[in-house]
K.L.:
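Take a look at the following structure, please.
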Protein chains: 2
Amino acid sequence: MYRIGELANHYEVKTDTLRFYDKHGLLKPSFRSESGYRIYSEDDAERLRFILRAKAIGFSLTDIAELLSIELDKSNWACADVKGVVDIKLADVEAKIEELNYFKTSLQRLSDACCGGPESAEHCSILEALESNTSAIKCENQKHQHEQSHYTKNCQTKG
Amino acid sequence: MYRIGELANHYEVKTDTLRFYDKHGLLKPSFRSESGYRIYSEDDAERLRFILRAKAIGFSLTDIAELLSIELDKSNWACADVKGVVDIKLADVEAKIEELNYFKTSLQRLSDACCGGPESAEHCSILEALESNTSAIKCENQKHQHEQSHYTKNCQTKG
DNA sequence: CTTGACCTTGGATTCAACTCCAAGGTTATA
DNA sequence: TATAACCTTGGAGTTGAATCCAAGGTCAAG
């Protein structure tokens, strides 16, 4: 049995957060003391762990509420239902990774195209690429040249 | 040259969003018509594409503003500075990818552990994994078994 | 018997990124 | 010339997930 502060401390959340979960039906303490204090049972703590784990994996509180309702009502749901929820999230994450990889490539290309030297950025390839109305990144040492460095080795014109 | 509605239509954003970007300095139309209508150039459209791509992979508008604003101040930056900013973002993106990959693995493991069939979720591995206070996911068909399916092929006990 | 750390409540605020609204001006078309 | 479909502005509302606040009750220690 924990009071709100104890539970909060133990799981490194704010008491406000627990009250928020209470108010929104995600985690209602099993008991109240005479004086109205929230008293959380071991089961409540378990439920909190469930919530925190699910949250860490990237479920929204709405998702979690859904998962919890399945949890309470297990026998009326099929595995497929539960797996469905997870798989949707998974697809989500995969899409995000793909986008990030695309963006990483862009940034990498920008970074690689820039000499990175002490020259004024006036003719910086990166800025030109950002300004330009094409997605081309031109090889920088056509502009202001200094010794062919490792910066520009993998520079390639890209249309 | 596009009016706000045209540009919005073309990129499937709301006109309100474009006005929002204008107000917040992310994307100010290059021109205004006599009557005050926003007129966007092809460069503006390019800038919008950049914003949307950056947004899609999870850059905040603040991040994006930072990336875009270096442009205004070019001559006060050295190539090294600009490259530095890009490289910071690159590291950012890489960290994000890593985090998401971790995330993905968790979800994948959850998904793989579940048979996904029409059986009652009573013994669903996903729920058990989320319930458990360890991060272990047990192989589901130790619980309720049906033919070894592709769902459980890559199921492995993980402690 | 008073301090100080805890707890209660309802309600307000935050933050990002929109999204909507009202009241009015502009423009292409019938 | 009138109608509809555009556009303008400032400002208010929305969402999710907290986080903070004020005013006050509770409880163990000194």
Side-chain angles (χ1 to χ4, degrees), chain A residues 1-41 44-45 47-68 85 88-89 92 96 99, chain B residues 1-41 44-45 47-69 92 96 103:
Chain A
M1 299 301 201
Y2 315 92
R3 279 182 315 177
I4 195 168
E6 292 170 322
L7 192 66
N9 247 352
H10 197 266
Y11 290 98
E12 297 185 294
V13 296
K14 300 254 161 86
T15 55
D16 272 333
T17 302
L18 292 180
R19 288 193 201 96
F20 175 83
Y21 289 167
D22 183 352
K23 184 152 49 178
H24 290 71
L26 267 96
L27 178 60
K28 290 196 174 299
S30 297
F31 309 96
R32 289 287 182 134
S33 75
E34 295 274 297
S35 52
Y37 286 17
R38 288 173 180 80
I39 305 291
Y40 293 89
S41 69
D44 296 335
R47 197 176 161 99
L48 176 58
R49 282 196 295 275
F50 182 102
I51 292 169
L52 295 179
R53 297 167 61 81
K55 209 161 64 68
I57 295 181
F59 288 103
S60 69
L61 295 191
T62 312
D63 288 337
I64 294 172
E66 186 180 352
L67 282 172
L68 282 169
V85 173
I88 284 170
K89 266 294 157 211
D92 240 47
K96 220 162 209 171
E99 271 287 356
Chain B
M1 299 301 199
Y2 316 92
R3 279 184 314 177
I4 196 168
E6 293 170 322
L7 192 68
N9 248 351
H10 197 265
Y11 290 98
E12 296 185 294
V13 297
K14 300 253 162 84
T15 55
D16 272 332
T17 302
L18 292 180
R19 287 194 202 96
F20 177 83
Y21 289 167
D22 183 352
K23 183 152 51 177
H24 289 71
L26 266 98
L27 179 59
K28 292 200 173 294
S30 298
F31 310 97
R32 288 288 182 133
S33 75
E34 294 275 299
S35 52
Y37 284 16
R38 289 172 179 81
I39 305 291
Y40 293 89
S41 70
D44 296 335
R47 200 174 158 103
L48 177 57
R49 283 195 293 278
F50 184 92
I51 291 170
L52 295 179
R53 254 186 283 129
K55 207 163 64 67
I57 56 79
F59 278 108
S60 69
L61 296 191
T62 313
D63 287 339
I64 296 171
E66 188 189 348
L67 273 175
L68 288 171
S69 75
D92 247 38
K96 235 166 204 165
F103 221 66

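Every chain is numbered from 1 and lettered A, B, ... according to where its sequence line falls, protein lines coming before strand lines.
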K.L.:
How long is the line joining OH of A:Tyr37 and P of C:dT9, in whole Å?
P.N.:
11 Å
K.L.:
Taking for each residue the nucleotide of DNA chain C with the nearest heavy atom, is it A:Arg32 or B:Tyr21 whose nucleotide lies nearer the 5' end?
P.N.:
A:Arg32
K.L.:
For B:Asp16 and D:dG11, what is the distance between atoms CG and C1' respectively, to the nearest whole Å?
P.N.:
12 Å
K.L.:
Let me know the distance between NZ of B:Lys23 and P of C:dT19, rounded to the nearest Å.
P.N.:
14 Å
K.L.:
Given D:dC7, D:dT19, C:dC6, identify the nucleotide with an atom nearest to the side chain of A:Phe20.
P.N.:
D:dT19
K.L.:
Ignoring hydrogens and geometry, is there a side-chain-to-backbone donor-acceptor pair from B:Arg47 to B:Pro29 under 3.5 Å?
P.N.:
no
K.L.:
B:Lys14 has a side chain; which of C:dT19, D:dT26, C:dC6 sits nearest to it?
P.N.:
C:dT19
K.L.:
Grab the OH-C1' distance between B:Tyr11 and C:dC18 for me, whole Å please.
P.N.:
21 Å
K.L.:
Would you classify A:Arg19 as touching base, sugar-phosphate or nothing, given that sugar-phosphate means primed atoms plus P, OP1 and OP2, and contacts are heavy atoms under 4.0 Å?
P.N.:
base
K.L.:
With heavy-atom distances below 4.5 Å as the criterion, would you say the side chains of B:Leu27 and B:Leu68 are in contact?
P.N.:
no
K.L.:
Check the distance between D:dA18's C1' and A:Leu26's CG and give it to me in whole angstrom.
P.N.:
13 Å
K.L.:
Hey, is the main chain of B:Glu6 close enough, under 3.5 Å, to the side chain of B:Asn9 for a donor-acceptor pair?
P.N.:
no
K.L.:
Using atom types as modelled and distance alone, determine if a side-chain donor or acceptor of A:Arg19 lies under 3.5 Å from a backbone N or O of A:Lys14.
P.N.:
no
K.L.:
Within this structure, what is the CG-to-P distance between A:Leu18 and D:dA18, rounded to whole angstrom?
P.N.:
10 Å
K.L.:
Want to settle it: does A:Thr17 or B:Glu6 sit nearer the 5' end of DNA chain D, counting the closest nucleotide to each?
P.N.:
B:Glu6
K.L.:
Would you say A:Thr15 places a side-chain N or O within less than 4.0 Å of OP1 or OP2 belonging to C:dC7?
P.N.:
no
K.L.:
Find the distance B:Asp22:CG to C:dA17:P and express it as a whole number of Å.
P.N.:
17 Å
K.L.:
Round to a whole Å and report the spacing from CG of A:Leu61 to C1' of D:dG16.
P.N.:
8 Å
K.L.:
Rounded to the nearest 0.5 Å, what's the gap from CG on A:Leu61 to CD1 on A:Ile51? Could you check?
P.N.:
8.0 Å
K.L.:
Among C:dT8, D:dC20, D:dT8, which nucleotide has an atom closest to any side-chain atom of A:Arg38?
P.N.:
C:dT8
K.L.:
Scan B:Ser60 against the nucleic acid and name what it touches under 4.0 Å (heavy atoms): base, sugar-phosphate only, or nothing.
P.N.:
sugar-phosphate
K.L.:
Determine: side-chain N/O of A:Ser35 to OP1/OP2 of C:dC7, distance under 4.0 Å, yes or no.
P.N.:
no
